[in-house]
Amino acid sequence: GEKRHGFRSYLCYKAVVDEIKGNGPKGRRRGDFRTVASWPDEKGYIRVVEGPEFGWMKNPDDFFCQSFRIGNDSNSMGIRLEATETPIALSVEQEMISQAVSDGTVQLTQGGPVILLRDRQTLGGYPRIFNVISVDLDMLAQVGPFERIRFRKVTHDQALDALRRWQDDLDRIKKCVSNE
C-alpha cells in the first residue's frame, strides 16, 4: 500500500493531547506527533553539527542552500543523498585512514554525501563533514527514497537544548500514557 506516516519504525507511542474540548473522556484524544513533540525543527530541517573534517569542504554553504533527494539505494545502514543543485565538493583532497563513525555521521564519498544510520559500520574512510543531531536521527530514518530533505547547522548548545526538550516531551508522554 501507500506510505502514509513514515518509512521505518523505531519507536511506537500513543500520543495524548489534553484540553481538546468535547473529544473523548476528560477532553482527551489521540494526537498527531507534532502536537506532543517540541524538539523537531520548526521548518522540518534536519539539524547537523560540524564534523571533524568539516574544514575540508570547498563551500559548506552548498550543503545548506539546497535540498537533497534520498537515493533509492538507501537502507538501514545509511542514506545516500543526491544534491538537487550543486554537488558537494572538498577543497582538501587527501587519503584518510579509517576513523570511527557514529549514528548520524555524514560522510562525503565520491558518490556524494551518505548519512550513517543505526545499522552502520563502525569505521569509515571518508571525510566526516557533519553529524546529524541525535534527536533528528529517528525522524530522518522515516524519510523514504526519492523524498527531499534540507539541513540546518546548529551549535552543540542548540543540539543539547533539543535533546533536553526531547527528554521532557518523552517524560510527559510516558506520564500521560501511564495515567490512562
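Residue numbers start at 1 and run along the sequence shown. All of these numbers come straight from a predicted model, not from anything done at the bench.
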Original post:
Atom CG in L90, atom CD in Q110: separation rounded to 0.5 Å?
Top reply: 9.5 Å

**OP:** Could you check N72, T109, N75 and say which one makes a side chain to side chain contact (heavy atoms under 4.5 Å, CB included) with R80?
**Re:** T109

Subject >> Centroid separation F63 to F151 less than 6.0 Å >> reply: yes

Original post:
Do T122 and V101 come close enough that some side-chain heavy atom pair is under 4.5 Å?
Top reply: no

**OP:** Measure the spacing between CE of M77 and CZ of R118 and express it to the nearest 0.5 Å.
**Re:** 14.5 Å

Subject >> Electrostatic pair R165-D168, nearest N-O below 4.0 angstrom >> reply: no

Original post:
What residues join Y126 in its hydrophobic cluster, counting side-chain heavy atom gaps under 4.5 Å, either direct or through other members?
Top reply: none

**OP:** Check whether the side chains of T105 and N131 place a donor and an acceptor atom closer than 3.5 Å, and report yes or no.
**Re:** yes

Original post:
Just how far is it from atom CD1 of I88 to atom CG of D62, taken to the nearest 0.5 Å?
Top reply: 5.0 Å

**OP:** Look at the side chain of Q66 and the backbone N and O of A83, then say whether any donor-acceptor pair between them is shorter than 3.5 Å.
**Re:** no

**OP:** Without swapping roles, check the side chain of S91 against the backbone of W56 for a donor-acceptor pair under 3.5 Å.
**Re:** yes

Original post:
Among side-chain atoms of D171 and Q167, is any donor-acceptor pair under 3.5 angstrom?
Top reply: yes

**OP:** Test W39 against D169 for side-chain contact (heavy atoms from CB on, under 4.5 Å), laying out the working first.
**Re:** CA-CA 8 Å; W39 74 87; D169 289 348; 3.3 Å; yes

**OP:** Tell me, please, which residues at least two apart from K153 pass salt bridge (charged side-chain N to carboxylate O under 4.0 Å, His left out).
**Re:** E50

